[in-house]
Amino acid sequence: MSALLKLAILLPCSLFLVALIKFLYDYWWIPLRLQRMMNSQGIKGPPYAFIHGNNKEATKTTNEALSKPMALRHDIFPRVQPHVYSCVNRYGRNYLAWDGKRPELVITEPELVNEVLKHSVTTFPKRKPTVFLTGIFGNGLVTALGEKWVKQRKLANYAFHGESLKNMTPAVIASVETMLEKWKGYVGKEIEVYHEFRLLTSEVISRTAFGSSYLEGEKIFDMLNKLSIIRSRNLFETRIPLINKLWKSGDVLESEELSKGIQDCVMKIVKKREDKVVNGEADSFGNDFLGSLVNAYHDSDENNRLSTEDLVDECKTFYFAGQDTVNSLLAWIVFLLAIHGDWQEKARREVIERFGNQIPNSEEMSKLKIMTMIIYETLRLYGPSNGMMRRTESDVQLGKLILPANLDLLVIHSAPHHDPQLWGDDVHLFKPERFAEGIAKATNYNAGVFCPFGLGPRNCVGMNFATTETKIVLSMILQRYTISLSPTYVHSPIPYITVQPQHGIQVILESLHNDAFLYDYLWKPLRLQHMMSSQGIKGPPYSFIHGNNKEATKMTKEALSKPMALRHDIFPRVQPHIYSCVNKYGRNYLSWDGNRPELVITEPELANEVLKHSVTTFPKRKPTVFVSRIFGNGLVTALGEKWVKQRKLANYAFHGESLKNMTPAVIASVETMLEKWKGYVGKEMEVYHEFRLLTSEVISRTAFSSSYLEGEKIFDMLNKLSIIRSRNLFETRIPLINKLWKSGDVLESEELSKGIQDCVMKIVKKREDEVVNGEADSFGNDFLGLLVNAYHDSDENNRLLMEDLVDECKTFYFAGQDTVNSLLAWIVLLLAIHGDWQEKARREVIEIFDNQIPDSEGMSKLKTMTMIIYETLRLYGPPNGLPRRVAREVQLGKLVLPASIDILVQNIALHHNPHLWGDDVHLFKPERFAEGIAKATNYNAGAFCPFGLGPRNCVVKLLYDFLWRPLRLQHMMSSQGIKGPPYTFIHGNNKEATQMTMEALSKPMGALSHDIFPRVQPHVYSCVNRYGRIYLAWDGNRPELVITEAELVNEVLKHSTTTFPKRKPTFSLTGLFGNGLVTALGEKWVKQRKLANYAFHGESLKNMTPAVIASVETMLEKWKGYVGKEMEVYHEFRLLTSEVISRTAFGSSYLEGEKIFDMLNKLSIIRSRNLWNTPLIDKLWKSADMLKSEELSKGIQDCVMKIVKKRGDKVENREANSFGNDFLGLLVKAYHDPDKNNRLSMEDLVDECKTFYFAGQDTVNSLLAWMVFLISIHGDWQEKARREVIEIFGNQIPDSQGISKLKIMTMIIYETLRLYGPSIGLMRRAEREVQLGKLVLPANLDLLVVHSASHHDPQLWGDEVHLFKPERFEEGIAKATNYNAGVFCPFGLGPRNCVGMNLAITETKIALSMILQRYTISLSPAYVHSPIPYITIQPQHGIQVILESLHNDA
């Protein structure tokens, strides 16, 4: 018995020992031996880790790489395969890695890649697929080996050979047309194309290979997609055979279930095909891929017959590969074309050239060279395959290496595709031109460098099908749409089976309006460009729709963004695009104003010829809408007979004798101006404005016998129209769009034109009334008199219409004032800096007139002055050129010009040409005109024509405010040690701030970091680091002292009602808050604050608690449906906080105030868009945003007054005894108060409502969202907060008493407010000279207190300033801030602190308590960390979390 017992013990022990030895042999000895063997051949790699190999490390690096989006660049290798990228850099191009205990030779060297793939049937066959890859492809073509693979490949070759592809083309086209029909509804909107192409490619493979549709195969695609996700999840999962046999993971079980489901679906499709033959509905199983498979399935020869499993596996393979590969390829191509518009344009031109507007055909598709280059470059950067697995079945040589049997080989495409040694330093740039001479030349004839579809006998059988499908789809899209990348796109390539965009690819579509539109905006411009080029006329290439306008706008903005040195070479500044093109393309070149061709002429001989024939051969071109608003169809713009009639009138009004008669009026106007100038002797004076008043007075007196005051409104409106016109100089106008939608500028210009007409007709009526009333015998002999006479002419042929009369008045009001104004101002500038010529001119004047008033006779003798005028006109003449057009095909010089081409004679180029005027062309030298214009121009009239040529020739405060004052104040502050970015004329630092903000917000934050200061206020962050905690900045010409020093913050905010009141809000902020509590000043603020204090005091807050709880319960009831799912909480809290403020303050609901919240949100976005607008520009014209904000403010007022009326009606109808005790009730009471001193106006009531609707919702919304974000990534603090809530409330509803005891939650709230505070900064101002600390501040200096800086300052909070550490507030705010109140003031400080602070914190505590009682919260992987500053700091893409229920009931 004892022997048996010993045997019973010994046998299991022996078996265990053998098993252990075998286990250690397989999992320890063999890996170490093989590692040593490969090391001896120079193949290194990461060391083998017991059981797991390198899988844990690979998983960790992959998770880290994919945890956040990347910048918008194409260097994706470190992201999609970070473990390979790291090892290649560390161990070389070929290295040994470990998939569990399986050795894997990773190969990225092109020569070895080539050798492996070319022998992938014999020497290096496929390795056995993983369980999850088998789930997707089964034992189909992708994974099969030996004879089975040969049989399957034959079937596939037959199905996808050249003739078959041609037969598939109609099905592909039909599928694309269906998609594009749907896209019509997305024109001008954002569309996510990856999903669109998913549906398209699913439909295409269903139609072409399986003779069905996407809907029929939808379940299969869905299940294959799930299998793909499972596979990627388990890519580095270590599998131990015995354990995996005994225990199946959830993923394994799910993949088996999905595989079974796919088999059932496939067999249904097969049975349907079989039934058609059985029932006589079809003669055969068909010639498509499925037909070939079913034929083989029923083959009588057992050797050729397919089994059910094989049939299903083949279908799975082609359903997946036929859809997934092309889906990714199309999506990445569209992404690349969306950001590389030049290549999009090149591809479109090629498509139009090949197909026009016709459907693509097979023959021409093979000729799409540019598109082929784009496809190849996309496959290089975002190739469909992450790698190819092979293995060695026996010992074999590869290059110089001896490889043992059973060694896996992993060929990595990403590495050679992104290798700078193979492709050059621009390897990560999108440069399709590298494939211009084909793949072989691009890869230097090394096939292993570029093989996105594999290589050798096992290359992808569907490669040609994928390329053909891609070309058809892209061609049809480019025929119809332009594509631009949406701002919401987040660049996050992620590796599944193919490289896919994690968050999709969002683009904006713009229709090309096929047919006439494409002809006008693409074909015609390209044809004309070619025609002119053949005659030697070059120019900047035409860009679709916009022509050269975008480039011209950009160059002009850059040139005008800064002042120039005091020199006269103004051509590169005022017309930089023309200056650049003249230097690049020659004196005459072709440019594009949208789709309108414009021959720019700067050659004097051609200019002369054009202008001398400007009535017949080269008439005026039709003016733009904005020029029409200024001149109407007056003398400047009229054509034909109308121009002749108008010219006669003007010639008569301004002939020699008339000019003599005007002289006294001119002299009287000048004397009035000079009388005023006596008060400026020895002082600075701005003359441009002075001459503006003078010339306005002169033209009013001489042409209209009135005065500047009478025509003031007209001059003002014409000036506004002039500004609008200059703003839209390079605006591309598309007729259909401009008819359907009028911009703010168009609407304003129409309104101004109507206003001018009304003013002119008043002046005309006054003149008519004088005759009617017998005060005058005639309408007068001045210009207006002639016009009114013509207006009343009995002869219809000579009669002026009212519109013509008005247009003529507009023309002369504007031209008669503007031209002389500029000329006088520039002459005075030139004489001021050239004293010698000032003295010469003075001597001449004294010699001719002495001290007498000038007379007509003497003026003709002013030779020196005439020379000065000519030289001024040459240097600072009208800069915009003389536009003409070609009425019919005509010859100009040696050029043959087609009809309808515009001509622009560019005076400024002629006037600043050193070939015409000599090397001193940019110097002020009036003596060049000493012998007259003809001699000065060498008798070439085209060289100098400031007022035109031929029959159509032409009949101080700003500087102080925008230059002198800023520079003086900058100097004053600098003397006190306050530095800052230098003041830039007009714009201050706004352009720089705008650019920095746009750059900072253009991409998500690199990591899940709380260091948001450099992102949300990059300009302040940069300046604080550069200039110190206090610095001077410029909002336009408004000086702004930025304060981040805690002591000064404290001092400013504590005296914010007296010494440092609020500054006047911008238009966008006024739109949000009106003149409510946030923005009001003085007595008005005191009155509003009293009302608010009463509404939000302690007892009132208690009464609000039930409404808050009820709102939260409604939200949480909805949340039950999201358990275990992803949910976006920022939007959820938006609805909650809107409901709470509606209930508590206004006794209504979110639904009743929904429109108000929506309009306030739009105003908030407008405000953030206009944060850095330059004040001067805002004063001069109303932007579309200004107009929109006015419209929204009006809408809010209407909505608020409806709510107020509803409250008033209840009292009136005796449904209520009073207006109520909530905030709205108090406001309505004050609105009806009999005491005028206490009564609120309607505007004040609306503004208060706006303030509390917005502030009461927005602040708490952001606070709640950021708190949930923080506790979702800091689970320990979430748990601490939950414990505290359960300890105080259990599962009961929170109550006021308990809320005050939530110490941990209070700490979390404070820390959230510190990191993601609701207010970015507080604006104050110094109304009078005042001392702040050691500084003496001048009056009218704005102060900006920036919270972000002090809240994120390591000197105040320590090195852990950017970490979430609520414990820092454990002993309260005072201790945390070292008793310095200015360090932490998220709700402000002093008398103007936030009145709703207690409500905000109470609401936050209630909401968080009730959430923590029910759920645990974790951050979703989909979350993208992009804080963005609106009024508060908000999450740009929302905050996505996963909820898990705590199962309260159980």
Side-chain angles (χ1 to χ4, degrees), residues 965-984 987-997 999-1000 1011-1056 1059-1060 1063 1171-1172 1314-1315 1317 1319-1326 1329-1362 1377-1378 1380-1386 1389 1429:
R965 271 184 58 198
L967 294 178
R968 187 182 63 179
L969 192 136
Q970 194 166 268
H971 175 73
M972 174 196 167
M973 296 306 293
S974 181
S975 68
Q976 299 185 68
I978 300 298
K979 308 299 182 188
Y983 170 74
T984 303
H987 296 283
N989 309 135
N990 286 350
K991 285 193 172 182
E992 185 183 0
T994 302
Q995 186 185 357
M996 291 177 75
T997 303
E999 282 175 10
D1011 181 15
I1012 66 168
F1013 184 24
R1015 175 183 171 83
V1016 297
Q1017 289 185 302
H1019 47 293
V1020 178
Y1021 175 79
S1022 168
C1023 289
V1024 166
N1025 287 330
R1026 191 170 180 186
Y1027 303 112
R1029 289 190 180 178
I1030 305 163
Y1031 69 90
L1032 186 69
W1034 296 91
D1035 177 12
N1037 72 325
R1038 291 181 70 153
E1040 202 171 65
L1041 184 66
V1042 181
I1043 299 173
T1044 71
E1045 191 173 295
E1047 291 73 24
L1048 297 192
V1049 168
N1050 194 4
E1051 191 174 343
V1052 168
L1053 296 183
K1054 285 201 171 174
H1055 299 91
S1056 59
T1059 317
F1060 303 107
R1063 76 169 237 190
L1171 195 57
W1172 308 110
R1314 186 184 69 81
L1315 293 171
S1319 169
I1320 292 169
L1322 298 171
M1323 287 302 308
R1324 298 293 184 264
R1325 66 187 170 89
E1329 187 177 286
V1330 68
Q1331 186 156 351
L1332 176 64
K1334 295 179 180 178
L1335 299 172
V1336 176
L1337 307 184
N1340 300 316
L1341 174 65
D1342 291 341
L1343 311 179
L1344 175 60
V1345 172
V1346 177
H1347 299 308
S1348 306
S1350 52
H1351 288 185
H1352 289 262
D1353 190 338
Q1355 293 180 33
L1356 299 173
W1357 299 94
D1359 293 337
E1360 299 169 325
V1361 63
H1362 303 310
T1377 59
N1378 203 19
N1380 188 340
V1383 170
F1384 179 71
C1385 45
L1389 200 67

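Quick note: numbers below take in every heavy atom, side chains included, and nothing from hydrogens, waters or symmetry partners.
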side-chain contact (heavy atoms from CB on, under 4.5 Å) between His1019 and Asn989: does it pass, once the steps are laid out? CA-CA 9 Å; His1019 47 293; Asn989 309 135; over 6 Å; no
Heavy-atom distance under 4.5 Å between the side chains of Ser1350 and Leu1356, does that happen here? yes
Do the non-hydrogen side-chain atoms of Ser1022 and Met996 ever get within less than 4.5 Å of each other? yes
Donor-acceptor check, side chain of Arg1314 to backbone of His1351, threshold 3.5 angstrom: yes or no? yes
Test side chain to side chain contact (heavy atoms under 4.5 Å, CB included) applied to Val1336 - qualifying residues, sequence neighbours left out: Gln976, Glu1329
Could you grab the distance from atom OG1 of Thr997 to atom CD of Glu992, nearest 0.5 Å is fine? 10.0 Å
If I compare all heavy atoms of Phe1013 with all of Ser1348, which pair ends up nearest, and what's the gap? CD1-CB, 3.6 Å
When every non-hydrogen atom of Gln1331 is compared with those of Gly1333, the smallest separation belongs to NE2-O, 3.1 Å
Residues two or more places apart in sequence or in another chain: which of them pass salt bridge (charged side-chain N to carboxylate O under 4.0 Å, His left out) with Asp1353? Arg1029
Where is the tightest heavy-atom contact between Gly1036 and Tyr983, given as atom of each residue plus distance? O-CE1, 3.3 Å
Could you go through the side-chain contact (heavy atoms from CB on, under 4.5 Å) check for Leu1343 and Leu1048 one step at a time? CA-CA 11 Å; Leu1343 311 179; Leu1048 297 192; over 6 Å; no
Give a yes or no answer on whether the side chain of Gln970 reaches the backbone of Met972 with a donor-acceptor pair at less than 3.5 Å. no
Around atom CG of Asp1359, are there more than 12 heavy atoms of other residues, nucleotides or ligands at under 6.0 Å? no
If I take atom CG from residue Leu1041 and atom CG from residue Asp1342, how far apart are they, to the nearest 0.5 angstrom? 10.0 Å
Check Ser974 against Lys979 and note the closest heavy-atom contact, atom names and distance. OG-NZ, 3.0 Å
Atom of Ala1000, atom of Pro1014 and distance for their closest heavy-atom approach: CB-O, 4.1 Å
Do Met973 and Pro1338 have side chains that get closer than 4.5 Å, going by heavy atoms? yes
In sequence, state the C-alpha distance, the side-chain angles, and the governing distance for Val1346 and Val1024, and then conclude on side-chain contact (heavy atoms from CB on, under 4.5 Å). CA-CA 10 Å; Val1346 177; Val1024 166; over 6 Å; no
Would you say that Tyr1021 contacts Val1016 through its side chain, given a criterion of any heavy-atom pair below 4.5 Å between the two side chains? no
Are Glu1051 and Thr1059 side-chain neighbours, meaning at least one heavy-atom pair lies under 4.5 Å? no
Sub-4.5 Å side-chain heavy-atom contact between Arg1026 and Tyr1031: no
Inter-residue atom distance Ile978.CD1 - Leu1335.CG, 0.5 Å rounding: 4.5 Å
Could you tell me whether the side chain of Asp1035 reaches within less than 4.5 Å of the side chain of Asn990, counting heavy atoms only? yes
Minimum heavy-atom separation for Val1361 and Leu1315, please, with both atom names. O-CD2, 3.8 Å
Side-chain donor or acceptor of Asn1050 paired with backbone N/O of Ala1046 under 3.5 Å: no
Leu1332 side chain near Ile1043 side chain, heavy-atom distance below 4.5 Å: yes
